[in-house]
2 protein chains.
Amino acid sequence: MTPQSSEDSELLTVRIAELYYDENKTQDEIGALLGVTRWKVGRLLTQARERGIVRIEIMHPRARRLGIERELRERFGLRDAVVVPVSDDVRSRVAQAAADYLTALRPVPRILGISWGRTLDSVADHLSIGWATGVTVVQINGGVSLNRRPGTASTTAAEIAQKGRGHAILLPSPAILERLETARAISTDRTVAGVLDRAAAANAYLYSAGVADSSSILVDSGYLSEEDVAELVRKGAVGDVVGRYIDANGNPVDPGLDERTVGLGLEQLRAAQTAIFVVAGDAKHDIARAVVTSKLCSVIVTDESTAAALLEAS
Amino acid sequence: MTPQSSEDSELLTVRIAELYYDENKTQDEIGALLGVTRWKVGRLLTQARERGIVRIEIMHPRARRLGIERELRERFGLRDAVVVPVSDDVRSRVAQAAADYLTALRPVPRILGISWGRTLDSVADHLSIGWATGVTVVQINGGVSLNRRPGTASTTAAEIAQKGRGHAILLPSPAILERLETARAISTDRTVAGVLDRAAAANAYLYSAGVADSSSILVDSGYLSEEDVAELVRKGAVGDVVGRYIDANGNPVDPGLDERTVGLGLEQLRAAQTAIFVVAGDAKHDIARAVVTSKLCSVIVTDESTAAALLEAS
DNA sequence: CGTTCACGTGCTCATTTGAGCGTACGACGC
DNA sequence: GCGTCGTACGCTCAAATGAGCACGTGAACG
């Protein structure tokens with residue numbers, strides 16, 4: 001009787017969606033109103049969602065992307081993944097998400113190993129007081145003394161510890177030493193070795209990564225020159241993790257340099273039960289891919305754009 | 001046991017919303033997962049919608065704003081109202097909506113009276129073939145001959161008629177005449193009077209309005225000079241409806257001019273059972289207000305911005 | 001011309017959901 | 001310390017919804 005072109009049915013779908021979502025009528029009422037059965041109304045509503053006519057969005061600074069998270073977990077065999085939607089201040093959102101994740105982490109870690117840097121500092125800021133009760137925070141890579149920037153390094157660990165009603169153990173060592181002997185000497189030093197032992201015994205690690213370019217905080221802090229970094233890039237470096245430069249496969253690009261770097265080794269990180277990797281920003285896609293594919297982390301906290309980059313890699 | 005700050009509950013709300021809308025889990029499952037009762041899940045979901053955390057949008061060229069439509073109906077005692085959301089080509093969307101409205105209009109009009117202009121032309125374009133079966137389309141105001149623009153005036157009526165499997169009756173007269181005697185003579189002319197009689201007998205009218213400024217199509221067509229319009233504005237004109245300039249109260253600004261205008265009178269429009277007024281664009285807010293408040297129309301088809309302007313008037 | 005297949009339809013039934021209600025708990029004033 | 005109020009809670013019950021099924025229709029094909 002009444003011929004139904006596909007365009008007509010789309011128009012009908014729109015009317016139904018309006019009545020259902022804007023006017024909160026029941027599917028029954030809508031059916032009566034528009035002269036269709038309520039089952040058809042239901043079917044068209046399902047279609048409307050599938051075809052994107054009806055878009056449901058969760059607008060909130062702490063919103064997440066569970067679908068992408070699942071894909072990441074499955075694709076890379078991660079224990080967990082946290083992905084926040086794109087927004088104007090992604091870095092802060094990701095830090096917030098990492099703080100939330102840490103707070104919700106069960107069992108609550110008694111010893112937490114952390115790296116340092118802008119990202120970690122931001123995570124510390126977003127943690128709320130009492131996120132844990134009596135946590136021991138251990139620095140897992142050196143670099144306290146040389147850092148000029150206020151409010152980083154030691155204060156990051158201290159803030160996380162204080163907000164978790166515990167105490168911080170700092171690693172009193174430069175990040176990278178000039179000579180191998182010095183590095184060996186300091187690593188076997190009673191104090192430093194003690195800290196590294198505690199770090200190795202941590203229940204969980206929380207760390208970020210740096211890009212391999214002149215903007216690196218390791219350059220900024222004076223441990224490496226711009227030329228050093230350029231040379232590392234030439235050798236295939238994509239970025240650094242706890243002070244150690246790695247290539248796309250997650251291997252140290254320069255074994256010599258790696259030996260002169262004080263802190264937890266990459267293998268210890270790989271062996272860890274819980275290694276939470278926090279990474280945000282388009283510049284860090286490559287290093288993020290290296291970390292995730294080489295299984296340096298068991299949990300990733302990142303933004304949607306980075307997650308998409310990870311997933312689209314063949 | 002677990003203290004719930006308002007921020008915590010908001011975070012919980014967000015998690016629930018994600019699981020419900022993105023992962024389509026049932027409220028029960030979510031409750032079990034997050035350790036709350038399903039009733040709390042339901043309540044928080046309601047809140048999430050109320051507080052705007054969850055936003056449901058209908059993205060479609062033919063979407064409408066039923067809430068605003070209801071307000072318009074109630075506020076101005078309209079028989080019906082159609083409001084389309086803001087978009088980049090509002091004018092086309094409104095024309096589409098008018099065409100849809102006309103198509104869905106029951107009883108199907110046997111005689112339809114129309115004005116002419118850019119808006120009406122666009123409505124004609126958006127009508128689909130077979131929107132009616134055997135409709136008679138009558139022009140309700142003059143202006144055929146002088147119009148220089150291709151694809152307007154007579155072709156508008158012809159297109160609407162042809163798509164409705166009927167025929168058009170044109171009003172063979174200028175819109176405005178220079179001398180009153182000429183106007184009276186032409187109006188009593190057998191042909192013209194016949195058309196006007198048919199126009200008066202229409203079951204429904206469809207018309208738009210023009211702004212009172214130099215961009216008016218009446219100026220463009222040579223019926224009025226820019227000075228004439230400026231003078232009308234000085235007298236309080238806000239725009240024209242079927243060729244007749246009215247003030248904010250819906251009265252003709254210049255009775256002399258009004259008598260020299262050939263076509264359906266405003267009173268006939270006011271008395272009509274179905275007078276569909278199509279108006280789009282920010283420039284037409286004033287004339288729209290005049291038409292609606294002075295009850296020149298029984299149905300309005302417009303955009304969200306115009307509707308908002310109408311509703312915010314005290 | 002008959003057969004098959006895909007699809008849309010209206011239905012039954014189980015699940016899911018929201019409205020309404022009595023209750024417990026905490027804040028506040030006395 | 002005690003009563004009162006408001007709020008949030010868990011629950012009952014009825015309404016609303018989605019999954020699954022049998023049927024009819026129309027198109028493609030032999």
Side-chain angles (χ1 to χ4, degrees), chain A residues 1-60 62-63 66-67 70 103-104 128-130, chain B residues 1-60 62-63 66-67 70 103-104 128-130:
Chain A
M1 187 119 296
T2 312
Q4 289 281 49
S5 81
S6 82
E7 196 181 334
D8 276 356
S9 110
E10 190 162 294
L11 188 53
L12 179 61
T13 304
V14 174
R15 296 287 153 260
I16 288 173
E18 285 162 351
L19 291 166
Y20 192 72
Y21 289 110
D22 288 348
E23 303 282 289
N24 357 279
K25 296 200 180 295
T26 106
Q27 299 186 0
D28 239 354
E29 291 179 292
I30 297 170
L33 209 59
L34 302 183
V36 290
T37 61
R38 72 178 191 75
W39 298 283
K40 177 148 193 168
V41 172
R43 274 183 208 124
L44 287 177
L45 280 171
T46 311
Q47 269 190 37
R49 262 164 285 156
E50 284 167 354
R51 298 169 61 183
I53 293 174
V54 167
R55 193 164 300 175
I56 301 181
E57 242 181 318
I58 296 164
M59 301 275 289
H60 195 277
R62 280 153 112 152
L66 304 186
R70 182 161 5 82
T103 305
S128 56
I129 297 169
Chain B
M1 188 121 293
T2 311
Q4 290 281 50
S5 83
S6 83
E7 194 182 332
D8 276 355
S9 113
E10 190 162 295
L11 187 53
L12 179 62
T13 304
V14 173
R15 295 289 153 258
I16 288 173
E18 285 163 350
L19 291 165
Y20 192 72
Y21 290 110
D22 289 348
E23 304 281 290
N24 6 271
K25 296 198 181 296
T26 95
Q27 299 186 0
D28 237 355
E29 289 179 293
I30 297 170
L33 210 58
L34 302 183
V36 290
T37 61
R38 75 176 188 76
W39 296 281
K40 177 150 191 166
V41 172
R43 276 191 259 263
L44 287 176
L45 280 170
T46 311
Q47 269 190 36
R49 264 165 283 155
E50 284 168 355
R51 296 169 62 183
I53 293 176
V54 167
R55 194 165 300 175
I56 301 181
E57 244 179 317
I58 297 164
M59 301 276 289
H60 196 277
R62 279 152 111 152
L66 304 187
R70 182 160 8 82
T103 306
S128 55
I129 297 167

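All values derive from a computational prediction rather than experimental measurement. Naming: A, B, ... by sequence-line order, numbering from 1 per chain.
As rounded to whole Å, 11 Å separates atom C1' of C:dG10 from atom NZ of A:Lys40.
The salt bridge (Lys or Arg N to Asp or Glu O under 4.0 Å) search around A:Arg43 returns none, not counting sequence neighbours. Every side-chain contact (heavy atoms from CB on, under 4.5 Å) that A:Glu23 has, sequence neighbours left out, goes to A:Leu19, A:Lys25, B:Leu66, B:Arg70.
Two residues are said to be in side-chain contact when any heavy atoms from C-beta on lie closer than 4.5 Å; A:Tyr20 and A:Val54 fail this criterion. Between A:Thr46 and A:Leu44, the closest side-chain pair of non-hydrogen atoms is not below 4.5 Å. Annotation: side chain of B:Arg55 is not in contact with side chain of A:Arg55 (no heavy-atom distance under 4.5 Å).
The residue among A:Arg43 and B:Arg43 whose nearest nucleotide of DNA chain D lies closer to the 5′ end is B:Arg43.
Within the model, atoms CG of B:Leu12 and CZ of A:Arg62 stand 11.5 Å from one another, a figure rounded to the nearest 0.5 Å. Rounded to the nearest 0.5 Å, atoms CZ (B:Arg38) and CG (B:Leu45) are 12.0 Å apart.
Taking five base pairs at each end of the helix from C:dC1-D:dG30 to C:dC30-D:dG1 and finding the rotation axis that steps the C1' atoms of four pairs onto the next four gives two axes whose angle is 30°, to the nearest 10°.
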Please list every donor-acceptor pair under 3.5 Å in which a side-chain atom of residues 27-34 of chain A meets a protein atom from a residue at least two apart or in another chain.
residue	atom	partner	partner atom	Å
A:Glu29	OE1	A:Thr26	N	2.8

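Of all nucleotides in DNA chain D having an atom under 4.0 Å from a heavy atom of chain A, the first and last in 5' to 3' order are D:dA16 to D:dG20.
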Show the distances under 3.5 angstrom between N or O atoms of the protein and N or O atoms of nucleotides 14-17 of chain C.
residue	atom	partner	partner atom	Å
C:dT17	OP1	B:Tyr20	OH	2.9
C:dT17	OP2	B:Gln27	N	2.8
C:dT17	O4	B:Arg38	NH2	3.4

- request: Starting from the C-alpha separation in whole Å, work towards a yes-or-no answer on side chain to side chain contact (heavy atoms under 4.5 Å, CB included) for B:Leu11 and B:Thr13.
  value: CA-CA 5 Å; B:Leu11 187 53; B:Thr13 304; over 6 Å; no

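Under the side-chain hydrogen bond (donor to acceptor under 3.5 Å, both in side chains) rule, B:Gln47 has a single partner from B:Arg49, B:Arg51, B:Glu50, which is B:Arg51.
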